[in-house]
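Encoded as structure tokens, the structure appears first; notes follow it.
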Amino acid sequence: MSETVVAPTGADNSVDRSRPASSYQAQPHDPSKPAVKRQIVCFSFYKIMPEWRRLPAEEKAAHKAGFAQVLDRWNRPGEFVSMTYSTIGTRGDVDMCVWSIGYAVDEMNRMRSELLSTALGGYLSTPHNFLAMTKRSQYQIDRPDESEGEGRGAIRPGGQKYIFIYPFWKTRPWYLLSAAERKRLMDEHIRIGLSYPRVKLNTTYSFGIDDQEFVVAFETNFPEDFLDLVQQLRETEISMYTLQDTPIFSCVRLSPSEMLDRLG
């Protein structure tokens, strides 16, 4: 059953009440205003086949160089950037992560195609891949947020040593709550998050373009802060509206060559 728009007190009563209302108060783009230039974000997790590790060292070195060359060629400041992470020892089903940020789905498609077309790509599987976009949150956090700059559609990776990434779903009852009730619940969530200033949250949105609803990526140099933050958030009222927030990926940021060398 669709929810109809109810105009707030003092609002223009000419609103079209036949249109479904978004629980996130999303509106179609107003052509009289500049378009928000949102970013396309992709977290790709790769697993190396055991056969690759048994190849001669010089052949593996050539494979690594070819893979790194693609990453370097696609490093275009202001247009397309990738961060590389190792997950060896932190996950059993993946060995590395490539986090890319650009402005077009087609670019992301072509870049990933080039990676998988390398000699090393022939030995990779992709157990997990999350696609998302940037979007300004509806919730006010009472501080300047660099992720809401550049037309409210940009994120800037902070360069911390560790990142914790997971897909996220809310329950359907969450979307049926009033905006005021969601804000009340989120206020506590935000307050706790701000009490851990050494943890930076990047939230991206996947509605309709991937299976999950959000992808969250927490950057920090202090994994213990992130552990304590998540444990404290479990005790909040809003946690009852979490449908799923796994799998969780604990990643170590490295240069492409360092990440590839840890494959073996």
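These numbers come from the heavy atoms of this one structure, side chains and all, not from hydrogens, waters or symmetry mates. Everything quoted here is computed from the prediction, not taken from an experiment.
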- Query: Sequence neighbours excluded, which residues qualify as ring-ring contact (aromatic ring centres under 6.0 Å, His included) partners of Trp169?
  - Reply: none

- Item | Distance-only side-chain donor-acceptor flag, Ser178 / Glu181, under 3.5 Å | no

- Task: May I ask you to decide if the ring planes of Phe164 and Phe226 are parallel, tilted or perpendicular, using 30° and 60° as cut-offs?
- Result: parallel

- Flag yes if Leu227 and Val216 sit in one hydrophobic cluster, no otherwise; membership is Ile, Leu, Val, Met, Phe, Trp, Tyr, and two members link when side-chain heavy atoms are under 4.5 Å apart. no

- For Leu124 and Met49, work out which heavy atoms get closest and say how close. O-CE, 4.4 Å

- Which atom of Tyr175 lies closest to which atom of Lys170, heavy atoms considered: OH-CB, 3.6 Å

- Query: Taking everything shown except Gln231 itself, do over 12 heavy atoms lie less than 6.0 Å from its CD?
  - Reply: no

- Message: How long is the straight-line distance from OG1 of Thr246 back to CZ of Phe168, given to the nearest 0.5 Å?
- Response: 11.0 Å

- Message: Salt bridge or not between Asp106 and Arg110? Use side-chain N to carboxylate O under 4.0 Å.
- Response: yes

- Message: Would you say Ile163 ends up clustered with Phe222 if hydrophobic residues are merged whenever their side chains have heavy atoms under 4.5 Å apart, either directly or through other cluster members?
- Response: no

- Message: Within the structure provided, determine whether Trp99 and Ile165 are in side-chain contact (heavy-atom separation under 4.5 Å).
- Response: no

- Task: Apply salt bridge (charged side-chain N to carboxylate O under 4.0 Å, His left out) to Lys183 and Asp187, showing your working.
- Result: CA-CA 6 Å; Lys183 184 179 185 305; Asp187 282 347; 3.2 Å; yes

- Task: Examine Tyr166 and Phe207 and state if one hydrophobic cluster contains both, with Ile, Leu, Val, Met, Phe, Trp and Tyr joined whenever side-chain heavy atoms are less than 4.5 Å apart.
- Result: yes

- Task: Work out which heavy atom in Arg38 is nearest to a heavy atom in Thr134; give both atom names and the distance.
- Result: CD-O, 3.1 Å

- Message: Would the distance check show the side chain of Arg91 and the main-chain N or O of Ile248 forming a donor-acceptor pair, the cut-off being under 3.5 Å?
- Response: yes

- Do the side chains of Phe249 and Phe130 get nearer than 4.5 Å, heavy atoms only? yes

- What distance do Leu71 atom CG and Met259 atom CE have between them, rounded to the nearest 0.5 Å? 6.0 Å

- Query: What are the two closest heavy atoms between Thr220 and Arg198, and how far apart are they?
  - Reply: OG1-O, 2.8 Å

- Query: Does any N or O in the side chain of Lys47 come within less than 3.5 Å of the main-chain N or O of Gly92, such that one atom is a donor and the other an acceptor?
  - Reply: yes

- Task: Could you pull out the closest heavy-atom pair between Pro247 and Pro167, with the gap in Å?
- Result: O-CD, 3.2 Å

- Is the closest side-chain donor-acceptor distance between Glu219 and Tyr162 under 3.5 Å? no

- Task: Kindly compute the distance separating CG (Leu116) from OG1 (Thr126), expressed to the nearest 0.5 Å.
- Result: 5.5 Å

Which pairs would a plain distance check flag for residues 72-82, meaning a side-chain donor or acceptor within less than 3.5 Å of a matching protein atom at least two apart in sequence or in another chain?
from: Arg73; atom 1: NH2; to: Glu114; atom 2: OE1; distance (Å): 2.8
from: Trp74; atom 1: NE1; to: Glu114; atom 2: OE1; distance (Å): 3.1
from: Ser82; atom 1: OG; to: Ser100; atom 2: OG; distance (Å): 2.6

- Message: Set out, in order, the CA-CA distance, both residues' side-chain angles and the distance that settles side chain to side chain contact (heavy atoms under 4.5 Å, CB included) for Met96 and Tyr85, then state yes or no.
- Response: CA-CA 6 Å; Met96 60 181 179; Tyr85 300 85; over 6 Å; no

- Query: Thinking salt bridges, do Asp261 and Lys64 make one under a 4.0 Å N-O criterion?
  - Reply: yes

